[in-house]
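The sequence lines fix the lettering, A, B, ..., with proteins before strands; numbering per chain opens at 1. Keep in mind it's a predicted model, so treat the numbers as computed, not measured.
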2 protein chains.
Amino acid sequence: MTILDSETKAVETPDDHGDELRLWLRLLTCTTMIESEIRSRLRERFEVTLPRFDLMAQLDKTPDGMTLSDVSKRMMVSNGNVTGLVERLVESGHVDRRTSSTDRRVQVIRLTRQGRAEFRKMAAEHERWIAEIFGDLGSKDVADLMKLLAKTKASAKKAVTARMA
Amino acid sequence: MTILDSETKAVETPDDHGDELRLWLRLLTCTTMIESEIRSRLRERFEVTLPRFDLMAQLDKTPDGMTLSDVSKRMMVSNGNVTGLVERLVESGHVDRRTSSTDRRVQVIRLTRQGRAEFRKMAAEHERWIAEIFGDLGSKDVADLMKLLAKTKASAKKAVTARMA
DNA sequence: GATAATTATTTGAAGCCTAAAGCAACATCC
DNA sequence: GGATGTTGCTTTAGGCTTCAAATAATTATC
């Protein structure tokens with residue numbers, strides 16, 4: 001709802017937040033579209049799900065392994081979620097899980113040799129897919145988007161923190 | 001990996017797609033953070049989930065009701081998913097479901113009076129939350145982001161279409 | 001060293017989501 | 001008007017996700 005002020009210039013009412021809402025919907029649509037495309041391709045080409053791929057990506061960065069809690073924090077998902085995810089990856093032979101020798105509560109997980117080899121192949125293709133998907137953006141677009149999203153992220157983080165306080 | 005060309009200007013190797021990958025991760029992080037904040041608030045304040053809220057938003061726009069297939073298309077989720085979602089909303093009294101009089105295969109769903117009243121309250125707060133979350137962005141930022149995301153969406157859509165062909 | 005508090009993980013209940021198979025009702029075509 | 005195909009929806013099996021409760025092991029406290 002816009003009104004015209006005395007100088008006949010469009011002015012928004014104090015509590016019109018339609019622009020932000022539209023921005024949010026567009027952001028969501030965009031992300032969802034890309035994410036579902038990535039899911040489809042991972043499934044078609046490698047018969048792997050995105051959560052599994054993400055978990056393997058974390059493990060690929062830490063050859064010495066991680067504890068389940070580490071994974072949970074890094075991926076920002078619940079502990080119980082990681083338990084099940086790891087269970088299935090152990091099942092399929094991609095991940096090795098063993099109890100820590102110094103603390104018997106702790107499970108240390110690593111990629112198996114096969115898991116690492118497969119992941120590397122997937123990651124390489126994945127990177128090409130992303131490049132293709134963002135292909136029509138020039139390098140200035142990419143830089144601008146990075147900046148604006150950084151600002152958005154900071155703004156969102158502030159709102160999250162404010163609510164928690 | 002960047003190299004320096006004869007004029008000492010940074011140039012990227014042909015197949016370096018790191019920037020796009022970083023952009024994608026930032027986009028994903030940003031969206032996920034906002035989405036999970038919205039989920040939390042909906043749950044805390046109204047004890048409602050995001051999928052339910054989204055479905056009610058669709059129904060609020062069509063007072064004459066929609067068929068399950070309509071909902072499925074609009075929300076871009078599977079038919080089976082909608083069946084379950086609607087089941088729970090009927091259960092909680094927010095949605096009314098009845099078989100079409102002209103085609104006994106078709107289920108027409110609408111918001112109940114109570115469902116509509118509750119949704120309106122939720123939607124108003126939701127809009128304020130979004131405004132708060134994007135609060136640090138100026139109106140130029142918002143406009144720029146809209147434009148860049150439109151471009152991104154178009155680029156992604158092209159990649160999706162190309163794969164399907 | 002026993003008790004209490006903390007930490008790491010698992011389990012269970014519930015919801016969300018998909019793909020694929022199945023069922024019922026409608027539409028078409030001869 | 002009966003066989004064939006299509007459409008709308010539900011069901012099933014499986015995976016992902018959370019929260020909360022339970023277990024087990026370690027650390028801190030006295």
Side-chain angles (χ1 to χ4, degrees), chain A residues 28 31-33 35-44 46-58 65-92 94-95 97-109, chain B residues 28 31-33 35-44 46-58 65-92 94-95 97-109:
Chain A
L28 190 56
T31 303
T32 304
M33 183 190 307
E35 193 177 329
S36 90
E37 177 67 9
I38 297 296
R39 279 183 205 272
S40 293
R41 294 193 186 196
L42 282 174
R43 198 163 93 90
E44 278 178 21
F46 301 110
E47 297 191 15
V48 77
T49 65
L50 187 52
R52 278 148 142 118
F53 178 79
D54 288 342
L55 176 38
M56 286 196 270
Q58 293 300 327
M66 303 174 79
T67 69
L68 295 200
S69 298
D70 288 344
V71 174
S72 170
K73 275 170 213 142
R74 287 271 203 102
M75 293 181 70
M76 301 193 293
V77 300
S78 68
N79 275 339
N81 190 359
V82 174
T83 296
L85 216 38
V86 167
E87 178 55 38
R88 288 182 287 270
L89 280 167
V90 167
E91 178 73 22
S92 66
H94 294 88
V95 165
R97 173 183 48 189
R98 60 186 61 172
T99 303
S100 161
S101 54
T102 63
D103 184 339
R104 276 180 302 171
R105 289 169 305 181
V106 174
Q107 301 285 312
V108 177
I109 59 174
Chain B
L28 190 56
T31 303
T32 304
M33 184 191 306
E35 192 176 332
S36 91
E37 177 67 10
I38 297 296
R39 278 183 205 272
S40 293
R41 294 193 186 196
L42 283 174
R43 199 163 94 88
E44 279 179 18
F46 301 109
E47 298 192 12
V48 76
T49 65
L50 187 52
R52 277 148 142 118
F53 177 79
D54 288 342
L55 175 39
M56 286 196 270
Q58 293 301 327
M66 305 174 77
T67 70
L68 295 202
S69 299
D70 289 343
V71 174
S72 170
K73 274 169 213 143
R74 287 270 204 103
M75 293 181 70
M76 299 193 293
V77 300
S78 67
N79 275 341
N81 189 2
V82 174
T83 296
L85 214 39
V86 167
E87 177 55 38
R88 287 181 287 272
L89 280 167
V90 168
E91 178 75 24
S92 66
H94 293 87
V95 165
R97 173 184 46 188
R98 61 186 59 170
T99 302
S100 161
S101 54
T102 62
D103 185 338
R104 274 180 303 171
R105 287 170 306 181
V106 174
Q107 301 286 311
V108 178
I109 58 174

What nucleic acid atoms does B/Val82 come within less than 4.0 Å of, heavy atoms only: base, sugar-phosphate, or nothing? nothing
In whole angstrom, what separates A/Asn81's CG from C/dT11's C1'? 14 Å
Report the distance from atom CG of B/Asp54 to atom P of C/dC17, rounded to the nearest whole Å. 8 Å
Name the nucleic acid region contacted by B/Ser69, choosing base, sugar-phosphate or nothing; use a 4.0 angstrom heavy-atom cut-off, strictly under. sugar-phosphate
Just checking A/Leu50: base, sugar-phosphate only, or nothing, at a heavy-atom cut-off of under 4.0 Å? nothing
Starting from the 5' end of DNA chain D, give me the residue, B/Thr67 or A/Ser78, whose nearest nucleotide shows up first. B/Thr67
Counting side-chain heavy atoms from CB outward, which of D/dC16, C/dT11, C/dG15 is closest to B/Thr49? C/dG15
Send over the distance from A/Glu35 CD to C/dC17 P, rounded to a whole Å. 12 Å
Distance below 4.0 Å between A/Arg104 side-chain N/O and D/dT26 OP1 or OP2: yes
For B/Arg39, which contact category applies under a 4.0 Å heavy-atom criterion: base, sugar-phosphate, or nothing? nothing
B/Asp103 near the nucleic acid: base, sugar-phosphate alone, or nothing, with a heavy-atom cut-off under 4.0 Å? sugar-phosphate
Any donor-acceptor N/O pair under 3.5 Å between D/dT7 base and B/Arg105 side chain: yes
Minimum-distance nucleotide to B/Asn79 side chain [options: C/dC16, D/dT10, D/dG15]: D/dT10
